[in-house]
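These numbers were taken from a predicted model, which means no experiment stands behind them.
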Amino acid sequence: MKKILSNVKLINLVDGSNQLSNIYIDQNGKIEKIQAGQLSAIGDYQVFDGGGNYLIPGLINLHAHLFSTGKPVNFNVSPRILNFVYSLAKSTLGKKILRSTMTKHAQIELMTGVTTIRLIGEFFYQDVKLRDEILTGKVAGPTLLVSGFFLSVTDGHGAPYLALTSDSPWEGRKNVRKNIRGNCDVRYSLIPKG
């Protein structure tokens, strides 16, 4: 379906001015033209009135973990408690709660103007499942580029909970293949300890 976003303010990045404009979008979602001033012939376009509000491109968050809020946390807990919480999160109910939390955080990002998020480490491939739910329209959310578990070395960043650990090139290749089989978009090299 062809669309016109009418009566929107666009900012001229050269001189800082803004102008009410109409944006013509083809059936593939590509901008055909931008026309300043009053809306002219609409033909077979569906018109969406922007109400004189500013229109900006979607923002991109290049470093996110949707399992948390992003607020700094002083996380000093005993390994026994961490292992217990990890085993709960690994359960069917835990994964459901985890994905629900991730969905909520993704939708908060979307409502603040973020239309694409690169996730750089999530638990149990729940980022892959959320990406697929968004792509199929099951839930609303931004475009997600997912990495699954990130890759580290023993006792390195995120190990052993959030990362697949490798201590040799062969183990590293094996873990990369796990993420590929997990249908991840983003692959990372090993993160050195320290």
Side-chain angles (χ1 to χ4, degrees), residues 29 56-194:
I56 63 169
L59 303 172
I60 300 172
N61 183 340
L62 289 175
H63 182 130
H65 304 281
L66 292 178
F67 62 82
S68 72
T69 63
K71 295 178 184 173
V73 176
N74 184 3
F75 205 69
N76 193 5
V77 182
S78 77
R80 200 177 95 216
I81 293 173
L82 275 176
N83 288 332
F84 176 72
V85 170
Y86 184 76
S87 66
L88 285 178
K90 203 173 182 178
S91 71
T92 302
L93 178 61
K95 288 178 184 177
K96 186 175 180 178
I97 292 168
L98 183 61
R99 196 161 62 256
S100 174
T101 300
M102 292 171 65
T103 301
K104 177 181 137 195
H105 293 159
Q107 290 172 343
I108 289 169
E109 293 242 10
L110 182 62
M111 297 310 290
T112 61
V114 174
T115 58
T116 302
I117 303 174
R118 182 181 70 161
L119 301 174
I120 59 160
E122 300 291 343
F123 292 100
F124 317 117
Y125 300 107
Q126 295 307 299
D127 53 346
V128 174
K129 291 183 180 190
L130 178 57
R131 176 203 60 198
D132 294 347
E133 287 178 352
I134 291 170
L135 285 173
T136 59
K138 186 174 179 184
V139 298
T143 299
L144 299 181
L145 302 173
V146 300
S147 66
F149 287 98
F150 61 85
L151 307 178
S152 189
V153 294
T154 300
D155 295 328
H157 185 64
Y161 303 106
L162 188 56
L164 300 174
T165 57
S166 309
D167 292 316
S168 71
W170 300 274
E171 289 176 347
R173 290 181 186 108
K174 182 178 177 182
N175 285 332
V176 167
R177 286 193 293 270
K178 282 182 186 176
N179 275 350
I180 290 170
R181 278 193 307 271
N183 203 17
C184 298
D185 301 311
V186 181
R187 278 63 171 216
Y188 292 97
S189 60
L190 294 175
I191 300 170
K193 183 178 178 181

Per-pair distances, 0.1 Å, donor-acceptor, side chain in residues 75-82, under 3.5 Å, sequence neighbours excluded:
unit_1 : atom_1 : unit_2 : atom_2 : d
Ser78  : OG     : Ile81  : N      : 3.3

Item checked: Partners passing ring pair (Phe, Tyr, Trp, His ring centres under 6.0 Å) against Phe84 (at least two apart in sequence or in another chain) -> none
Checklist line | Distance-minimising heavy-atom pair for Asn183 and Arg131 | finding: O-NH1, 3.0 Å
Margin query: Going by the rule side-chain contact (heavy atoms from CB on, under 4.5 Å), which residues pair with Thr116 if we only count those two or more places apart in sequence or in a different chain?
Written below: Ile60, Thr143, Leu145
Note to self: Restricting to non-hydrogen atoms, name the atom on Val128 and the atom on Cys184 that form the minimum distance, rounded to 0.1 Å.
What the structure shows: CG2-SG, 4.1 Å
Notebook entry, point to check: Run the side chain to side chain contact (heavy atoms under 4.5 Å, CB included) check on Val139 and Leu130 step by step: do they pass?
Noted result: CA-CA 8 Å; Val139 298; Leu130 178 57; 4.0 Å; yes
Next item on the list: For the residue pair His65 and Phe67, categorise the inter-ring angle as parallel (less than 30°), tilted (30 to 60°) or perpendicular (more than 60°).
Entry: tilted
Next item on the list: Rounded to the nearest 0.5 Å, what's the gap from CG on Leu59 to CG on Leu110? Could you check?
Entry: 10.5 Å
Next item on the list: Return the set of residues passing ring pair (Phe, Tyr, Trp, His ring centres under 6.0 Å) with Tyr125 (not counting sequence neighbours), or none when no residue passes.
Entry: Phe149
Item checked: Sidechain-backbone polar pair: Ser147 side chain, Leu119 backbone, donor-acceptor under 3.5 Å -> yes
Notebook entry, point to check: What distance do Thr115 atom OG1 and Asn61 atom CG have between them, rounded to the nearest 0.5 Å?
Noted result: 10.5 Å
Item checked: All side-chain hydrogen bond (donor to acceptor under 3.5 Å, both in side chains) counterparts of Tyr161, not counting sequence neighbours -> Asn83
Notebook entry, point to check: What distance do Ile120 atom CD1 and Leu162 atom CG have between them, rounded to the nearest 0.5 Å?
Noted result: 9.0 Å
Check: Counting only N and O atoms by type, is there a donor-acceptor contact under 3.5 Å from the side chain of Asp167 to the main-chain atoms of Thr154?
Finding: yes
Item checked: Straight-line distance of Glu122 CD to Lys129 NZ, nearest 0.5 Å -> 14.0 Å
Item checked: side-chain contact (heavy atoms from CB on, under 4.5 Å) involving Lys90 - partner list, sequence neighbours excluded -> Tyr86, Phe124
Margin query: For residues 169-178, which residue pairs pass the side chain to side chain donor-acceptor pair (under 3.5 Å) check, not counting sequence neighbours?
Written below: Ser166-Asn175
Margin query: Tell me every residue that passes side-chain hydrogen bond (donor to acceptor under 3.5 Å, both in side chains) with Asp132, counting only those two or more places apart in sequence or in another chain.
Written below: none
Give the table of side-chain donor-acceptor pairs shorter than 3.5 Å for residues 101-108, with sequence neighbours excluded, one pair per line with atom names and distance.
unit_1 : atom_1 : unit_2 : atom_2 : d
Thr101 : OG1    : Ile97  : O      : 3.0
Thr103 : OG1    : Arg99  : O      : 2.8
His105 : ND1    : Leu66  : O      : 2.7
His105 : ND1    : Ser68  : O      : 3.1
Gln107 : NE2    : Ala140 : O      : 2.9

